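Take a look at the structure set out below.
A, B, ... follow the sequence lines: proteins, then strands. Residue 1 opens every chain. Model, not experiment: these values are computed from the prediction.
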Number of protein chains: 2
Amino acid sequence: MEGCPVRFALGLVSGKWKLRILWELNQQEIIRFNELQRRLPGISSVMLSKSLDELEQCRLVHREQYPEIPPKVEYSLTELGRSIDPALKALGAWGAQAYEQIHAN
Amino acid sequence: MEGCPVRFALGLVSGKWKLRILWELNQQEIIRFNELQRRLPGISSVMLSKSLDELEQCRLVHREQYPEIPPKVEYSLTELGRSIDPALKALGAWGAQAYEQIHAN
DNA sequence: CCGTATCCGCTCCGATACTG
DNA sequence: CAGTATCGGAGCGGATACGG
C-alpha cells in the first residue's frame with residue numbers, strides 16, 4: 001500500500017459503505033447526513049459518520065457545517081472524489097464481464 | 001456486491017495478497033508455487049494456497065498440475081485474469097494522483 | 001439533526017505443525 | 001514440492017444507548 005498506487009487507491013475506498021456513499025454523492029452533488037442515511041438502507045449513524053470522516057480525511061468528500069439549531073451538515077464530493085469515477089467505471093466494466101464468465105457454466 | 005459490478009470486481013481481488021499474486025503472474029506468464037512464494041516475501045504457504053484456490057475458482061488463474069514426483073504445479077493468468085489490467089491501471093493512476101494530493105498539505 | 005461511546009461477534013490473516 | 005490442519009489475535013462492522 002505504501003509503494004503501490006493501486007493498493008493505496010483501494011485503501012481509500014475500502015470498507016463496506018464507502019463506495020455506496022461516493023455513488024450517492026455522485027448522484028446528488030450535495031446531500032445532508034440524514035438524507036444520506038435514508039438512501040443507504042441498513043447503515044447505522046455510527047458507520048455513516050465514521051465512513052464520512054475517513055472520506056473527508058482522504059480529501060474525497062467535503063463537509064460543510066452550518067451553525068444552526070437544529071444542526072445542518074452538507075456533504076459533497078471534492079474534485080478528487082469526482083475524479084475517481086473513470087477508474088470505477090473501468091473496474092465495473094471488467095466486473096460485469098467477469099460476472100458473465102463466472103456464471104456462464 | 002450482487003447488483004453492483006464494481007463491488008463484485010473488488011470482491012474477486014480483495015484480500016491481502018491477491019493483487020500481488022496477479023501482478024507476479026502478469027510479469028512471469030507461468031510460475032510454480034514455490035517460485036511464487038519466493039517472490040512474495042512474507043506470505044505463508046497457507047495464504048498462498050488459499051488465495052490461488054480462490055483466484056482459480058473465479059477463473060482469473062489457471063492451474064496446471066503435473067503428475068510427477070516431486071510434484072510440479074504451474075500457475076498462469078487466464079484471459080479474464082489478463083483483462084483486468086486496464087482497470088487496475090486506471091485505478092493506479094487515480095491512486096497516484098490521490099497520493100500527491102493527500103501528501104501535499 | 002447529527003453525531004459519540006461502548007460492547008461484541010465474526011472474518012481475515014499469521015504462526016506452527018504435519019503430509020503425499 | 002506443494003500443499004492441509006489447527007489455533008489464536010487483531011480489526012471491521014453491527015447493535016444499543018446516550019449527548020449537544
Q. Once you round it to whole Å, what is the distance between C1' of D:dA2 and CD of B:Q65?
A. 9 Å
Just the atom pairs and distances: protein N or O near nucleotides 11-14 of chain D's N or O, under 3.5 Å.
residue, atom, partner, partner atom, Å
D:dG13, OP1, A:K16, N, 2.8
D:dG14, OP1, A:K16, NZ, 2.6
D:dG14, OP2, A:W17, NE1, 3.3

Q. To the nearest Å, how far apart are A:K72 NZ and C:dG3 P?
A. 14 Å
**Q.** Estimated bend of the helix from C:dC1-D:dG20 to C:dG20-D:dC1 (axis per five terminal pairs, rounded to 10 degrees)
**A.** 50°
Q.
Is it the case that over 12 heavy atoms from other parts of the model lie below 6.0 angstrom from the CD atom of B:E100?
A. no
(Q) Among C:dG20, C:dC2, C:dT4, which nucleotide has an atom closest to any side-chain atom of A:R63? (A) C:dC2
Q: Ignoring backbone atoms, establish whether B:S45 has a side-chain N or O less than 4.0 Å from OP1 or OP2 of D:dT4.
A: no
Q. Atom CD of A:E56 and atom P of C:dC2: how far apart are they, to the nearest Å?
A. 15 Å
Q | Separation of C:dG3 P from A:Q37 CD (nearest whole Å) | A | 10 Å
Q. In whole Å, what is the span from the CG atom of A:L48 to the P atom of D:dA15?
A. 15 Å
Q.
Check the orientation of B:Y99 and A:F8. Use parallel for under 30°, tilted for 30 to 60°, and perpendicular for over 60°.
A. perpendicular
Q) Does B:R32 put a side-chain nitrogen or oxygen below 4.0 Å from OP1 or OP2 of D:dC1? A) no
Q: Check the hydrophobic clustering (I, L, V, M, F, W, Y; side-chain heavy atoms under 4.5 Å; chains of links allowed) and say if A:F33 and A:W23 are grouped together.
A: no
(Q) Tell me the interatomic distance from A:E64, atom CD, to C:dC1, atom C1', rounded to whole angstroms. (A) 17 Å
(Q) More than 12 heavy atoms of other residues, nucleotides or ligands under 6.0 Å from CD of B:E68: yes or no? (A) yes
Q: Starting from C1' on C:dC12, measure out to CD on B:E54 and report it in whole angstrom.
A: 10 Å
Sequence neighbours excluded and cut-off under 3.5 Å, please list the side-chain donor-acceptor pairs for residues 84-91 of chain A, or say none.
residue, atom, partner, partner atom, Å
A:D85, OD2, A:K89, NZ, 3.0

**Q.** Euclidean distance, atom CD of residue B:E74 to atom C1' of D:dG3 [Å, nearest integer]
**A.** 16 Å
Q. So do the side chains of B:L12 and A:I102 get within less than 4.5 Å of each other, counting heavy atoms only?
A. yes
Q) Of A:L52, A:L55, A:I21, which meets side chain to side chain contact (heavy atoms under 4.5 Å, CB included) against A:L60? A) A:L55
(Q) Could you check whether B:R20 pairs with B:E24 (Lys NZ or Arg NE/NH1/NH2 to Asp/Glu carboxylate O, under 4.0 Å)? (A) no
Q: Between C:dC2, D:dA2, D:dG3, spot the one nearest the side chain of B:Y75, thanks.
A: D:dG3
Q: Give the C-alpha distance, both sets of side-chain angles, the deciding distance and a yes or no for side-chain contact (heavy atoms from CB on, under 4.5 Å) between B:S45 and B:L48.
A: CA-CA 5 Å; B:S45 63; B:L48 181 54; 5.5 Å; no
